[in-house]
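The chains referred to below are lettered A, B, ... by the order of the sequence lines, with proteins before strands, and numbering in each begins at 1. Owing to the predicted nature of the structure, the values given are computational and were not obtained by experimental measurement.
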2 protein chains.
Amino acid sequence: MENDNNNDLDEETLFVVSQTFKALGDPTRIRILHLLFQKEYSVNGIAEALHLRQSTVSHQLRFLKNLRLVKYRREGTTLNYSHDDEHVMNMLKQTIDHACH
Amino acid sequence: MENDNNNDLDEETLFVVSQTFKALGDPTRIRILHLLFQKEYSVNGIAEALHLRQSTVSHQLRFLKNLRLVKYRREGTTLNYSHDDEHVMNMLKQTIDHACH
DNA sequence: TTATAATATGAACATATACTAATATATACA
DNA sequence: TGTATATATTAGTATATGTTCATATTATAA
């Protein structure tokens, strides 16, 4: 990739960056990631904690998983999700603090 | 507002945070903000530099202006836009660097 | 005032997005 | 094997979003 001091953003960088921010641009995904600040949660655990449908949570987790913002650990039939990108989680934390200061 | 150590995000914080990230979740707006890293630009200046329609730029600038991510300085009939949120610009810069490491 | 340049706005359109219900898949265990 | 539990997937729908064209607005200068 390399962007160096080139003033133009290449297509790939533009895509990755916009996708990353898009992931944080939805209230449901923010709530999920915010929950994962503390500890890992199962899919149903997230659904119950946030009053969301299992299907909704699963869809959003797939989205976040594709961007490698979350990972999971299997325990029987249960999948325990946790965050997997410190940079993004820090940005989220900062922005939340910034918003409710 | 205040979010303190309450584990739940209140509606308003959730809205502000998601709107902020949503602003950075579109390639066109990223390109515009990236251009404004360097110096102020007129609406037509942005349109020419990025090969976008004047109308498109104006719409996106209104979006960014509503979130106070940009401001403008009038010079005759020309409006010179510049960035207006250090926190957001730093996040963008970091994420771009992060993406094209 | 009229003409010109720069920007903003409104409506229409196509696409993207998020949620839901229903169903499929996968794992564990009797 | 069959059953129960947890999660994933598919298809449908409603809404949100981004771009464009055409037009309106605003400020300047003649």
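Taking atom CD1 on A/Ile32 and atom P on C/dA18, their separation rounds to 11 Å, with Å as the unit. Rounded to whole Å, atom P of D/dG18 lies 9 Å from atom NZ of B/Lys22. The distance from atom CG of A/Asn80 to atom P of C/dT27 is 15 Å, rounded to the nearest whole Å. One interatomic measurement links the two molecules: CD of A/Glu48 to C1' of D/dT5, which rounds to 13 Å at whole-angstrom precision. Between A/Tyr41 atom OH and D/dT7 atom P there is a gap of 14 Å when expressed in whole angstrom units. Going from atom CD of A/Glu75 over to atom P of D/dA6 covers 12 Å, rounded to whole Å. One atom, CG of B/Leu61, and another, C1' of D/dT19, lie 15 Å apart when rounded to the nearest Å. Remark: P of C/dT7 and CZ of B/Arg53 are 17 Å apart, rounded to the nearest angstrom.
Side-chain nitrogen and oxygen atoms of B/Asn44 include at least one within less than 4.0 Å of the OP1 or OP2 phosphate oxygen of C/dT7. One finds no side-chain N or O of A/Arg62 lying less than 4.0 angstrom from the OP1 or OP2 phosphate oxygen of D/dA8. Contact between the side-chain N/O atoms of B/Tyr72 and the OP1/OP2 oxygens of C/dA8 is not found at any separation under 4.0 Å. Using a 4.0 Å cut-off, no side-chain N or O of B/Ser55 falls inside it from OP1 or OP2 of D/dA22. For A/Ser58 and D/dA8, the shortest distance from a side-chain N or O to OP1 or OP2 is below 4.0 Å.
Looking at the side chain of A/Asp26, the nearest of the listed nucleotides C/dA18, D/dT7, D/dA27 is C/dA18. Closest contact between the side chain of A/Val43 and the listed nucleotides C/dA8, D/dT19, D/dA8 involves D/dA8.
Listed here is the closest heavy atom pair of B/Val16 and A/Ala99: CG1-CB, 4.0 Å.
Using bins of under 30°, 30° to 60° and over 60° for the plane-to-plane angle, the ring pair A/Tyr72/A/Tyr81 lands in the tilted bin.
Of the possible polar contacts, none joining the B/Arg62 side chain to the B/Leu64 backbone as a donor-acceptor pair under 3.5 Å is found. Judged by distance alone, the side chain of A/Arg29 and the main-chain N or O of A/Lys22 form a donor-acceptor pair under 3.5 Å.
Relative to the six-membered ring of A/Phe63, A/Lys65 misses at least one condition, a distance below 6.0 Å or an angle of at most 45° to the axis.
Each of B/Ser42 and A/Gln54 was assigned the nucleotide of DNA chain C with the nearest heavy atom; the assignment lying further toward the 5' end belongs to B/Ser42. Each of A/Thr78 and A/His59 lies near DNA chain D, and the nucleotide nearest A/Thr78 is the one positioned closer to the 5' end. Comparing A/Arg74 and A/Gln19 against DNA chain C, the residue whose closest nucleotide sits nearer the 5' end is A/Gln19.
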